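No experiment lies behind these values; they were computed from the predicted model shown.
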Amino acid sequence: MTDLPATVGAVWKQESARIVGGLLRLVHDVGLAEELAQDALVAALEQWPASGIPDNPGAWLTTVARRRAVDHIRRERHAPDPAPLPEPAEDDVLRLMFISCHPVLPAEARVALTLRVVAGLSHAEIARAHLVGERVIAQRIAAAKRTLAESGVGYAPSAQLSSVLEVVYLIFNEGYAATSGTGLIRADLCLEALRLGRMLAVLAPGQAEVHGLVALMEIQQSRSAARTGPAGEPVPLHEQNRGRWDQLLIRRGFAAMLRAREVGGPAGPYVLQAAIAVCHTAEQTDWVRVGTLYQALERLLPTPVVRLNRAVAVAFAHGPQAGLDLLDELRADPQMASYHLLPGVRADLLVRLGRLPEARREFERAASLAGNAAEREFLLRRAAGVDVPEERGRLLGAAVESFLAPLGPATARAYGQTLSRVARLAGERLLLTDLDPARLAEIFAVAWPGVSPRTWNRHVAAVRSFAAWAGAPSLAAELRPRPVTAVPVVPAVAAPVPDSALRERALWCLLRDSAAKVGAVLALNVEHLNLAERRTHDASIVWGLETAALLPQLIDGRARGPLFLSDRRPGPGRPPAPADLCPETGRRRLSYERAAYLCKRATGHTLRRWVSRADMARTP
């Protein structure tokens, strides 16, 4: 017999998105849809060894999963006959992709959830791709599913398309230029992003930006064999052997660009980036045209990274000084403070201008900021290859280490947080005498643009102590402490609106009356309450008349189990702990995350701010 687990895994990866997408239309919950599909997968592993692999394994899994969905609908509706199941729709996978990429989720959660439910990757595969623990990925995906369920998001293609494209390109970029780890490229992520992009182009053929993204990824992927040298070091685009570029992928990219042109409409960000990629496929790159395209892209995406790329094009088209002038405008941008490519590109241009000592320091600074080991080693080799006389005098990095060495552990840790970042941003091999007050003030503005006055003053104090130790007290002359003002008293927040659900009103009143922690209130069981005396049996939580009037309605005759219950019964794949399950209703205990969402919906404030304002209202 063939390798059953391998066969099941291959079928799952190919069919999971379609199965989960179809179930999503039935149960309207991404997490539950995936659980039902996983139940079908478990059934296959149990039954196929005896019955054999069916002729159409995808249809088998779909049928079993839909039966599980029918059973779930019956249980939820307490009805013997659920509504007729809708027939499979061609846009099931598209709907699933759009929901998993919904903007309500943070970017890292969208990426992880998409790789899980659309690409069919396991938690372990996603964790390996992102170089984090499997538990971190599992928690990230679980939180994303919970957020989607609690937010009640819908399928809105026009509003969510940009988010879907962003997620696919984030996946591709993490594979194309890995931000961490030892390798420059993670081919599995690149190929998965390409697969998702091609699938999206089939499902949404009338969107020019979709075809533009596919064209961009196809052409960029065509260079993968030429992007690294024998030791895994990065090879810049203008130095790559173009004979090693994959011509099939380039032709596929051209075809996608033609489809984008056929759709018509104004060129969007992905179409423009694909047009730039097309320019590089010529025998000689037309850098003037590339600069013009980046200028058009900057009007749509005025980000510092786009401006950085435009500066590179301008440097090739009009000389290194023209590019350097544009780069120096970015040094004051906080978003670029820790971006290693800014000093890396500056170093290249400084070499071309013959300013070698500055170039070497910039290469070293770029290496200190790089998170990827291959890039870091490459930049250090570039720095070592710049032939300049050895620096004479005290270097900033060494001076910081000498200053911190005799200090106590707590003081060294506090001062080190400030001074180490200053040294990384200024350059650890910068001569201490070359660091002037204006440059130090610029570094402060970039490194800590929006911190509180207390935090700002702590950083200033650390630098002043270092400057005095180094015999250069004027170094901190332009760093001014900021006044610390008292926090104003915030008026009490109003209670939830009158038509809020009973549970929300009871929760708000109990938190307001008791001043107890949110977790302690949510952990209450019905049997913990002494309703007659308006307190818990251990007297740890007490409440007033308004809460006392609401609690009997909330309990509604229950004798035991959690006081505050969620709206739904738990799904079959995620049973709660017995203590968190109501034995009379079958519903689980209200989670903190759900309580926070209900609080935001009822009052307009987050749970933490809601409670803190209620606390202020009680303060005499």
Above 12 or not: heavy atoms from other molecules or residues under 6.0 Å from CZ of Arg261? no

Strictly below 4.0 Å, N to O, side chains only: are Arg310 and Glu298 in salt-bridge contact? yes

Taking the side chain as C-beta and beyond, is there a heavy-atom pair between Phe254 and Ile250 under 4.5 Å? yes

Flag the pair Leu194 / Gln221 as yes when at least one side-chain heavy-atom distance between them is below 4.5 Å, and no otherwise. yes

Before giving the answer on side-chain contact (heavy atoms from CB on, under 4.5 Å), spell out for His102 and Leu148 the whole-Å C-alpha distance, their side-chain angles and the decisive distance to 0.1 Å. CA-CA 8 Å; His102 198 282; Leu148 290 175; 4.1 Å; yes

Assess whether side-chain contact (heavy atoms from CB on, under 4.5 Å) is satisfied between Val288 and Phe316, documenting all intermediate values. CA-CA 8 Å; Val288 174; Phe316 277 104; over 6 Å; no

In short, Leu349 meets Ala315 closest at the heavy-atom pair CD2-CB, 3.6 Å

Return the OG to CZ distance between Ser591 and Arg146, rounded to the nearest 0.5 Å. 6.0 Å

Smallest separation among heavy atoms of Leu300 and Ala267, with atom names: CD1-O, 3.5 Å

Is there side-chain contact between Arg382 and Asp348, with at least one heavy-atom pair below 4.5 Å? yes

Within the distance-only criterion (no hydrogens, no angle test), does the side chain of Gln273 pair as donor or acceptor with the backbone N or O of Pro269 below 3.5 angstrom? yes

Can you confirm whether Glu239 is buried at CD, in the sense that more than 12 heavy atoms of other residues, nucleotides or ligands lie under 6.0 Å from that atom? yes

Without swapping roles, check the side chain of Arg594 against the backbone of Ser566 for a donor-acceptor pair under 3.5 Å. no

Nearest heavy-atom approach of Val214 to Ala256 is CG1-CB, 4.2 Å

Do Arg242 and Thr285 have a side chain donor and acceptor closer than 3.5 Å? yes

Just so I know, are the side chains of Glu375 and Leu341 near enough to count as touching, which here means a heavy-atom distance under 4.5 Å? yes

Are the side chain of Ser100 and the backbone of Leu113 linked by a donor-acceptor contact shorter than 3.5 Å? no

Distance to the ring centre below 6.0 angstrom and angle to the axis at most 45 degrees; does that hold for Arg198 and Phe172? no

Derivation of the side-chain contact (heavy atoms from CB on, under 4.5 Å) call for Leu161 and Phe98: CA-CA 7 Å; Leu161 178 62; Phe98 274 67; 3.8 Å; yes

State, with a plain yes or no, whether a side-chain heavy atom of Tyr294 is found less than 4.5 Å away from one of Arg289. no

All heavy atoms of Arg307 vs all of Asp333, minimum pair found to be NH2-OD2, 3.4 Å

For the rings on His280 and Trp245, is their centre-to-centre separation under 6.0 Å? no

Distance in Å, Thr303 OG1 paired with Leu330 CG, rounded so as to fall on 0.5 Å steps: 9.5 Å

Where the side chain of His211 meets the backbone of Pro205, is there a donor-acceptor pair that is under 3.5 Å apart? yes

Is the shortest distance from a Lys or Arg side-chain nitrogen in Glu262 or Arg259 to a carboxylate oxygen in the other one below 4.0 Å? no

Quick one, Arg346 and Arg331 - any side-chain contact, counting heavy atoms below 4.5 Å? yes

Correct closest heavy-atom pair for Tyr270 and Leu216 would be CD2-CD2, 4.4 Å

If you count heavy atoms of other groups shown closer than 6.0 angstrom to CG of Asn241, is the number above 12? yes

Once rounded to the nearest 0.5 Å, what's the spacing between atom NE2 of His123 and atom CG of Leu115? 11.0 Å

Smallest heavy-atom separation, Pro234 atom then Ala374 atom, equals CD-O, 4.0 Å

In this structure, CG of Leu105 is separated from NZ of Lys145 (nearest 0.5 Å) by 12.0 Å

Could you tell me the separation between the CD1 atom of Ile19 and the CG atom of Leu96, rounded to the nearest 0.5 Å? 11.5 Å

Given the rule in the side-chain contact (heavy atoms from CB on, under 4.5 Å) test, do Ile141 and Ile137 qualify, once you have shown the distances and angles that lead to the verdict? CA-CA 6 Å; Ile141 292 173; Ile137 291 296; 3.7 Å; yes

Interatomic distance, Ser368 atom OG to Arg376 atom CZ [nearest 0.5 angstrom]: 9.5 Å

Answer yes or no: is there a donor N or O on one side and an acceptor on the other, between the side chain of Arg110 and the main chain of Val167, under 3.5 Å? no

Between Asp246 and Arg223, does any side-chain N to carboxylate O distance fall below 4.0 Å? no

Is any side-chain heavy atom of Met336 closer than 4.5 Å to one of Leu308? yes

Could you tell me whether the side chain of Trp48 reaches within less than 4.5 Å of the side chain of Pro54, counting heavy atoms only? yes

